[in-house]
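As structure tokens, the structure follows; a few thoughts come after it.
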Amino acid sequence: MTENANIINAPEKAEAKKRIFSGVQPSGILTLGNYLGAIKNWVTLQDDYECLYCVVDLHAITVRQVPADLRRHTQEALALYIACGIDPEQSCVFVQSHVPAHAELSWVLNCNTMFGELSRMTQFKDKSQKHSDNVNAGLFTYPVLMASDILLYQTDLVPVGIDQKQHVELTRDVAQRFNGVYGDTFKIPEPYFVKTGMKINSLTDPTKKMSKSDPNPKSYVAIIETRDETIKKIKSAVTDSEACVKYAEGKDGINNLMSIYSSFTGKSFDEIEKEFEGKGYGDFKMAVGEVCADGLGPIREEYARLVKDKAYLEDVMKKGSDTASYLARKTLSKVYRKVGFYSVK
Ligand code: TRP
């Protein structure tokens with residue numbers, strides 16, 4: 001048993017390593033963007049930090065979901081975390097709705113977050129435009145739920161993409177406000193950004209982030225789709241008419257493909273430019289498609305094996321939510337005490 005597994009089994013000792021929390025919404029099948037932008041990085045953090053990786057299903061219903069799909073995507077996301085290399089013996093892997101403290105803390109933090117602050121969130125503005133028929137209160141208070149996720153575990157670091165920076169800043173503001181009013185309660189978390197592959201964009205509109213909820217499946221590579229599908233999608237990615245593989249402003253399509261290539265090969269942009277000097281986009285796309293399909297191959301195989309093993313996945317979910325609940329309860333009872341809720345022994 002690893003040292004970290006001991007820590008999880010005996011949470012009193014958990015102070016030793018810094019703690020990390022992150023999550024992905026099960027609002028679709030996970031994409032190459034989720035892998036390169038988040039999960040691949042999560043894997044490398046496991047040895048040095050005490051990590052909690054959550055499938056944030058409560059967040060997913062801020063946008064209308066088909067219930068059967070949400071249930072399936074939740075299980076798939078968890079299986080994919082593991083297939084990508086998250087070790088549930090070492091890190092705490094769980095489903096957000098299995099730990100009621102997230103929703104409970106969220107209410108208290110809602111009462112300590114200002115309407116004006118939430119109105120300034122750019123993701124809210126974007127999403128309410130995109131889903132103008134369903135601008136529900138949950139979509140508006142989404143960042144408060146995210147703050148609850150983070151603050152419940154006294155998290156030190158939050159690995160996120162740059163698009164989530166504003167939410168982590170809000171989390172810090174809310175925590176500071178709460179600590180100011182009620183006394184020291186929450187650790188103030190820091191965002192943690194990764195460099196390359198941080199943001200993988202859509203293949204059909206490379207000015208936008210790759211999204212699993214994009215209605216056009218050609219816009220993303222799903223981690224578990226077939227090798228041929230991956231290559232085909234990358235081959236038809238939108239680029240420009242310059243026929244020159246170079247990382248430059250305005251060349252969003254090529255920049256995106258170079259980021260993908262770099263993430264899988266470890267080559268720098270300079271090296272990639274040299275490699276493809278004098279070659280056309282056809283050759284370059286073929287090379288990107290192949291490294292991508294090959295890089296995802298082992299994950300695809302491991303996933304296919306895991307997803308059939310429902311008993312194992314449910315066991316991971318149960319153990320994960322036990323560990324998370326234990327940690328979350330400690331913070332929640334402190335919060336309840338501080339705000340003045342009556343408790344009966
Ligand atoms: N909002 C994040 C996203 O859409 C997902 C998320 C929810 C999250 N809670 C979190 C990420 C807590 C980091 C920490 O990508």
Side-chain angles (χ1 to χ4, degrees), residues 18-28 30-42 45 49-63 65 70 73-74 77-78 80-81 86 91-99 101-103 105-106 109 113 118 121-128 130-131 138-172 174-175 186-194 197-201 208-214 220 320 324 327-328 331:
K18 285 200 169 174
R19 195 174 282 163
I20 279 194
F21 184 99
S22 201
V24 168
Q25 295 186 53
S27 50
L30 300 192
T31 70
L32 181 66
N34 298 120
Y35 178 60
L36 296 181
I39 303 170
K40 187 167 179 250
N41 182 40
W42 295 358
L45 297 169
Y49 298 93
E50 189 200 347
C51 302
L52 292 112
Y53 295 128
C54 186
V55 180
V56 292
D57 56 348
L58 300 179
H59 278 95
I61 63 163
T62 54
V63 170
Q65 303 289 330
L70 178 61
H73 287 144
T74 299
L78 191 109
L80 260 178
Y81 284 8
I86 305 289
S91 302
C92 176
V93 183
F94 71 107
V95 177
Q96 191 184 28
S97 65
H98 295 176
V99 181
H102 290 250
L105 180 61
S106 194
L109 295 186
T113 306
L118 292 175
M121 295 292 115
T122 53
Q123 193 175 75
F124 171 70
K125 291 183 205 165
D126 291 350
K127 283 203 181 174
S128 48
K130 232 186 190 165
H131 307 278
L139 192 64
F140 188 64
T141 60
Y142 174 113
V144 182
L145 179 60
M146 179 160 161
S148 306
D149 298 342
I150 297 167
L151 299 176
L152 260 182
Y153 299 98
Q154 307 293 345
T155 302
D156 295 283
L157 294 171
V158 189
V160 279
I162 203 84
D163 63 309
Q164 295 298 314
K165 187 167 171 245
Q166 210 186 16
H167 290 162
V168 181
E169 278 163 5
L170 179 83
T171 301
R172 291 166 56 87
V174 172
F186 298 119
K187 183 168 270 178
I188 311 299
E190 305 271 347
Y192 184 97
F193 303 117
V194 267
M198 181 162 71
K199 190 167 166 242
I200 299 300
N201 285 344
K208 288 207 210 108
K209 184 181 166 185
M210 183 180 282
S211 166
K212 54 185 154 350
S213 40
D214 194 314
Y220 57 79
L327 299 170
T331 301

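Quantities reported herein were computed from a predicted structural model and do not represent experimental measurements. Ligands are counted one by one from 1 in listed order, and the atoms in each one are counted from 1 as well. Start at 1 with the first residue, then count along the sequence.
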> Does the ring center of F124 lie less than 6.0 Å from the ring center of F140?
Replying inline: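 Centroid distance F124-F140: below 6.0 Å, so yes.
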> Do D57 and T74 meet the criterion of a side-chain donor-acceptor pair at a distance under 3.5 Å?
Replying inline: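 Looking only at side-chain atoms, T74 and D57 do not form any donor-acceptor pair under 3.5 Å.
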>> Can you confirm whether the side chains of Q65 and S27 place a donor and an acceptor under 3.5 Å from each other?
In response: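 No - no donor-acceptor pair under 3.5 Å links their side chains.
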Shortest non-hydrogen separation from [X] to [Y] and the atoms involved:
X    : Y    : value
A328 : L152 : O-CD2, 3.6 Å
A324 : Y153 : O-CE2, 3.3 Å
F94  : H102 : CE1-NE2, 3.6 Å

>> My understanding is that only one of K18, K187, R19 makes a side chain to side chain donor-acceptor pair (under 3.5 Å) with D156; could you say which?
In response: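 That would be K187.
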Number the atoms of ligand 1 from 1 as they appear, then name those within less than 4.0 Å of a heavy atom of [X], with their elements.
X    : answer
V56  : 7 (C), 9 (N)
G23  : 5 (C), 6 (C), 8 (C), 11 (C), 13 (C)
V158 : 13 (C), 14 (C)
Q25  : 4 (O)

> When you measure from atom 2 (C) of ligand 1 to every protein heavy atom, which one gives the shortest distance, and what is it?
Replying inline: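 The protein heavy atom lying closest is Q164 OE1, 3.4 Å.
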> Nearest to atom 12 (C) of ligand 1, what protein heavy atom do you find, and at what distance?
Replying inline: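 So the nearest neighbour among protein heavy atoms is F21 CE2, 3.5 Å.
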> For W42, which of Y53, F21, Y49, Y35 qualifies under ring-ring contact (aromatic ring centres under 6.0 Å, His included)?
Replying inline: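 Testing each of Y53, F21, Y49, Y35 against W42, the sole residue satisfying ring-ring contact (aromatic ring centres under 6.0 Å, His included) is Y53.
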Contact (N/O only, under 3.5 Å) between [X] and ligand 1:
X    : value
K209 : no
Y142 : yes
D149 : yes

> What part of I150 sits under 4.0 Å from ligand 1 if we count only heavy atoms: the side chain, the backbone, both or neither?
Replying inline: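 The answer is the side chain.
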> Counting heavy atoms only, which part of V160 comes closer than 4.0 Å to ligand 1: side chain, backbone, both or neither?
Replying inline: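 The part of V160 near ligand 1 is the side chain, not the backbone.
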